[in-house]
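The next block holds one structure in the form of structure tokens; read it before the comments.
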Amino acid sequence: MRVLVCVKRVPAPGAKINITPDGQAVDTAYLAFTTSPHEECAVEAAVQLVETHGGEATVMTLGPADAEEQLRYAASVGVARCVLLPIADRDWDPQRTAAALAGAIRDLEASDGPFDLVLFGNESADAGNFQIGVRVAHALGRPMVNGIKGIELDGATVRAKREADAGVEVYALPVPAVLGVKEGINLPRYPTMKGRLNAKKVAVDSVEASVAAGGQQMITLLQAQEQVTQTVLLGEGVDAAPAVVDLLEELGLLK
Amino acid sequence: MSVLVVVEHDRGALAPASLEALTAARSLGGEVHALTLGAAADASAAVLAAHGAAVVHQVHHDLLADYGPEAWGESVAQAVRALQPDAVVACGTDRGNEVLAQAAARLDLPFVANCTEIGAGDTWTITRVRWGGSLLEQCTLTAATKLVTVAHHSVEASESPTAGAVQPLAVDLDPSLARTVVCERVERAAGVTLGTAPLVVGGGRGVGSAEAFAPLEELATELGGVVGCSRAVTNNGWRNHTDQVGQTGTRIAPDLYIACGISGAIQHWVGAMASKKILAINTDREANMVTKADYAVIGDLHKVVPAITAEIRRRRGG
Ligand SMILES: Cc1cc2nc3c(=O)[nH]c(=O)nc-3n(C[C@H](O)[C@H](O)[C@H](O)COP(=O)(O)OP(=O)(O)OC[C@H]3O[C@@H](n4cnc5c(N)ncnc54)[C@H](O)[C@@H]3O)c2cc1C
Ligand SMILES: Nc1ncnc2c1ncn2[C@@H]1O[C@H](COP(=O)(O)O)[C@@H](O)[C@H]1O
């Protein structure tokens with residue numbers, strides 16, 4: 001089977017996210033980069049599907065040239081092919097990103113055959129637009145369900161599970177299908193030494209995309225309002241236990 | 001101006017989030033209509049009118065007997081074509097975002113998810129949530145019909161009664177859309193969940209192993225709460241992801257969150273910040289969790305947590 005995973009390179013902030021003075025981006029001077037945990041799980045799901053059913057997994061991203069790092073990471077855990085849609089300027093809006101990805105997928109399918117499954121993350125870590133996978137699926141004319149925490153391939157049907165408030169919902173989608181994956185579906189593996197070496201050698205195909213901008217345009221990033229708390233120190237070590245239990249009583253939690 | 005609110009329900013049970021969407025829609029100025037999908041939702045018309053829906057458009061169709069992102073999204077797209085509203089609003093829940101994304105794709109319109117402030121006008125100026133709430137973005141939205149979701153819990157639902165007319169709305173759904181309608185459901189067992197628990201005892205990398213969570217379990221049980229954890233813990237395989245608090249886990253809002261051996265990375269914090277009070281137990285007094293918490297104990301959680309449980313039992317005379 002052929003599986004494609006779409007991932008997005010994002011900064012990995014620690015205790016606080018700082019914004020550049022012009023308000024256009026996260027200040028990444030001291031930051032590493034990663035993808036959303038949802039997307040890491042989508043990559044793992046793709047690799048597992050290929051291990052079980054045979055075939056090949058491909059990873060694709062639209063982003064700066066440096067996003068090659070995230071593609072190679074996917075290669076280090078078992079993805080065979082890497083495709084980069086390089087963009088020079090800042091993030092594209094969701095309509096534009098989706099149109100570019102859909103176009104590139106069509107081209108890949110025209111030359112190498114259709115993907116049985118295209119996987120996305122539930123949402124990107126930074127922008128959280130909750131739509132790029134849905135838009136790509138619609139452009140390709142394929143069924144799509146987001147928030148998936150279980151994938152089982154059964155012939156020409158993929159059974160996908162999703163956790164809702166009321167319980168676990170099951171969807172049965174005809175293949176080819178598109179799914180948005182949520183963290184928790186699996187525990188992503190770490191790259192092996194051999195995987196890392198392979199990833200250095202894998203070719204990264206570069207595909208130019210030219211698509212018009214959509215109707216959502218970012219003006220600036222802003223800090224969220226932060227409540228400043230004066231932390232009350234209840235004590236050190238086991239000696240603090242009575243003060244903690246006093247607090248529990250005060251909060252009405254000792255019923 | 002006219003605003004159409006997409007009502008979220010589960011087999012007829014109205015999602016409280018829908019009332020947040022209605023309340024937000026009213027603040028845009030103009031007439032507010034509601035759209036309910038599936039006959040099971042008909043009964044909610046009175047509540048929707050009480051929250052300001054001048055007209056409730058009711059769609060009946062076999063494919064809307066249960067939730068299905070494509071059948072719902074296509075119905076919204078057809079409602080937009082028929083009613084020509086200036087804007088469509090839903091709440092930014094899993095379903096709300098998914099349905100509006102489906103509708104937007106079908107209408108080839110932009111869609112802005114998880115908005116906290118909307119400046120309506122010809123072009124809208126919007127503030128929206130990024131990074132699960134750690135950062136905001138200001139953006140503009142230019143479209144014939146504006147599709148947005150309002151961030152869940154960013155608006156408090158309030159009533160604004162109208163007489164509320166009910167009108168049927170016909171949609172034409174291709175039978176193939178059955179492919180993404182829920183085909184089976186395993187109901188959740190009753191009981192406290194991480195998202196609704198009044199008390200959560202959270203453990204991070206500082207706990208050290210799966211076994212070392214036992215004292216945290218004991219404390220949680222003693223207080224009628226549940227155990228949560230950080231992503232470092234789930235990544236190590238110490239606990240299931242269903243226990244994870246944070247941006248890609250569960251948002252919690254207990255009366256008290258006791259965070260043990262958790263550094264307080266921004267992605268964990270956004271899942272915990274709705275807690276009424278936070279108590280951090282950490283060896284590092286400079287840890288972000290400690291400096292942001294309401295209360296802190298500096299010390300080794302492996303000693304402090306059992307001491308708290310023992311003190312509770314002592315006071316209860318057990
Ligand atoms: C896009 C994205 C999404 C993410 N989503 C989430 C999410 O949903 N939830 C989440 O939790 N993380 C998330 N993360 C990961 C996050 O950035 C942190 O890596 C993670 O929260 C760290 O977990 P931790 O605090 O347990 O571990 P650490 O950061 O390693 O902290 C361990 C803490 O334990 C203390 N400690 C050690 N020993 C003891 C002891 N004996 N007694 C008391 N204290 C002790 C240390 O002082 C330290 O403060 C996400 C990251 C990214 C990039
Ligand atoms: N620039 C991008 N390149 C490749 N995939 C992307 C990109 N942006 C978003 N995606 C994918 O689409 C999903 C949803 O993104 P979003 O709509 O921004 O929440 C992400 O989890 C990724 O799988």
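Chain identifiers are assigned alphabetically (A, B, ...) following the order of the sequence lines, protein sequences preceding nucleic acid strands; residue numbering begins at 1 within each chain.
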Using non-hydrogen atoms and a 4.5 Å limit, figure out which bit of [X] sits close to chain A: side chain, backbone, both or neither.
{"X": "B/Val305", "answer": "neither"}
{"X": "B/Thr125", "answer": "side chain"}
{"X": "B/Leu199", "answer": "side chain"}
{"X": "B/Lys277", "answer": "side chain"}
{"X": "B/Asn114", "answer": "side chain"}
{"X": "B/Leu135", "answer": "both"}
{"X": "B/Glu137", "answer": "both"}
{"X": "B/Arg95", "answer": "both"}
{"X": "B/Asp66", "answer": "neither"}
{"X": "B/Leu109", "answer": "backbone"}
{"X": "B/Ala104", "answer": "both"}
{"X": "B/Thr248", "answer": "both"}
{"X": "B/Arg11", "answer": "neither"}
{"X": "B/Asn235", "answer": "both"}

Of the backbone (N, CA, C, O) and the side chain (C-beta and beyond), which part of [X] lies under 4.5 Å from a heavy atom of chain B, both, or neither?
{"X": "A/Arg142", "value": "backbone"}
{"X": "A/Val244", "value": "side chain"}
{"X": "A/Leu173", "value": "both"}
{"X": "A/Glu236", "value": "both"}

Lys/Arg N to Asp/Glu carboxylate O, B/Glu98 vs A/Arg162, below 4.0 Å:
yes
Salt bridge between B/Arg315 and A/Asp246, side-chain N to carboxylate O under 4.0 Å?
yes
Considering all heavy atoms of both residues, which atom of [X] and which atom of [Y] are nearest to each other, and what is their separation?
{"X": "A/His138", "Y": "B/Arg106", "answer": "CE1-CG, 3.5 Å"}
{"X": "A/Gly14", "Y": "B/Gln267", "answer": "O-OE1, 4.2 Å"}
{"X": "B/Ser134", "Y": "A/Ile17", "answer": "CB-CD1, 3.9 Å"}
{"X": "B/Lys292", "Y": "A/Thr229", "answer": "O-OG1, 3.1 Å"}
{"X": "A/Thr231", "Y": "B/Tyr295", "answer": "CG2-C, 3.9 Å"}
{"X": "A/Phe130", "Y": "B/Phe111", "answer": "O-CE2, 4.1 Å"}

Verify whether one side chain among B/Gln244 and A/Glu183 offers a donor that lies under 3.5 Å from an acceptor in the other.
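Judged by distance alone, the side chains do pair up.
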Between B/His241 and A/Lys149, do the side chains contain a donor N or O and an acceptor N or O under 3.5 Å apart?
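Present: a donor and an acceptor within the cut-off.
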Most contacts with chain B, counted as non-hydrogen pairs under 4.5 angstrom, among [options]:
{"options": "A/Ala240, A/Gly235, A/Ala243", "answer": "A/Gly235"}
{"options": "A/Gln230, A/Gln217, A/Lys182, A/Gln223", "answer": "A/Gln217"}
{"options": "A/Val26, A/Leu254, A/Ile19", "answer": "A/Leu254"}
{"options": "A/Gly23, A/Ala139, A/Ala241, A/Ala166", "answer": "A/Ala166"}
{"options": "A/Gly214, A/Ala98, A/Ala172", "answer": "A/Ala172"}

Mind checking the CG-CG spacing from A/Leu248 to B/Leu219? Nearest 0.5 Å is all I need.
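Here the rounded value is 7.5 Å.
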Out of curiosity, B/Thr93 OG1 to A/Asp165 CG, how far, rounded to the nearest 0.5 Å?
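With rounding to 0.5 Å, OG1 (B/Thr93) is 8.5 Å from CG (A/Asp165).
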Keeping the roles fixed (side chain from B/Arg130, backbone from A/Asn129), state whether a donor-acceptor pair exists under 3.5 Å.
no
Could you tell me whether the side chain of B/Leu279 reaches within less than 4.5 Å of the side chain of A/Leu234, counting heavy atoms only?
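In short, these two side chains touch, coming nearer than 4.5 Å.
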